[in-house]
Amino acid sequence: MTDQPNRPRKPRADAIRNRERVLEAAKAVFSRGGTEAGLEGVARQAGVGIGTLYRHFPTREALYEALYRREVEQLAELARQLSAELPPLAGCAAGSRRWWSSSAPRRAWPRRWPSPRTSRPS
C-alpha cells in the first residue's frame with residue numbers, strides 16, 4: 001500500500017464530456033418542453049444512459065442548479081469580454097440582448113417553483 005493521502009481523483013475526460021453533453025441536452029430539452037420534460041429525453045439527446053445522467057445529477061433540481069450556475073458563469077464571462085471590447089452602455093445593452101435571447105429555460109422555472117409572492121400565507 002502507498003502512503004498517499006486520499007485525495008479526490010480528477011474526473012476522467014469522458015466523464016467531463018458526458019456532463020457537458022447532459023447540460024447541453026437539458027438546456028435544449030427544457031427549452032422545448034419546459035422543466036417538466038422527461039429526464040429520459042435529456043439522457044437520450046445527450047447520447048448517454050439515464051444512469052450516467054443521475055450519476056452527475058442525482059435529482060432534477062441538481063440538474064436545474066447546474067444549468068443555472070453554468071448560465072451565470074457564461075454571463076460573467078460575457079460581461080468580462082464585453083467590458084474589454086465596448087463602452088459601458090453598449091456593453092450592457094449587448095449583454096442584455098444575448099442573455100435574454102437564451103433565457104427559454106429560465107422562463108419555465110416559475111411554473112415549477114413558486115415565487116415568494118405566491119407562497120405567502122393569506
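Hydrogens, waters and symmetry mates are skipped; everything else that's a heavy atom, side chains included, is used.
Here CG of L63 is found 13.0 Å from NZ of K27. Values are rounded to the nearest 0.5 Å.
By the salt bridge (charged side-chain N to carboxylate O under 4.0 Å, His left out) test, R69 pairs with E65, sequence neighbours left out. In terms of the salt bridge (charged side-chain N to carboxylate O under 4.0 Å, His left out) criterion, residue partners of E20 (sequence neighbours excluded) are, by chain and number, R70.
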Practice problem: Output, in order, the C-alpha distance, side-chain angles, deciding distance and verdict of side-chain contact (heavy atoms from CB on, under 4.5 Å) for D14 and R17. | Solution: CA-CA 5 Å; D14 63 328; R17 279 192 306 273; 3.4 Å; yes
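Shortest non-hydrogen contact noted between A37 and V29 is CB-CG1, 3.5 Å. In plain terms, the two heavy atoms of A66 and F57 that are nearest each other are CB-CE2, 3.4 Å.
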Would you list the atom pairs, donor with acceptor, under 3.5 Å between side chains in residues 76-93 and any protein atom, with sequence neighbours excluded?
residue: E77; atom: OE1; partner: R80; partner atom: NE; Å: 3.3
residue: E77; atom: OE1; partner: R80; partner atom: NH2; Å: 3.1
residue: Q81; atom: NE2; partner: E85; partner atom: OE2; Å: 3.4
residue: S83; atom: OG; partner: A79; partner atom: O; Å: 3.2
residue: S83; atom: OG; partner: R80; partner atom: O; Å: 2.9

Counting only pairs under 3.5 Å, give me each side-chain donor-acceptor contact of residues 44-56, with atom names and distances, residues two or more places apart or in other chains.
residue: Q45; atom: OE1; partner: R32; partner atom: NH2; Å: 2.8
residue: T52; atom: OG1; partner: R55; partner atom: NH2; Å: 3.2

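Contact annotation: the side chain of Y64 approaches that of F30 to within less than 4.5 Å [non-hydrogen atoms, C-beta and beyond].
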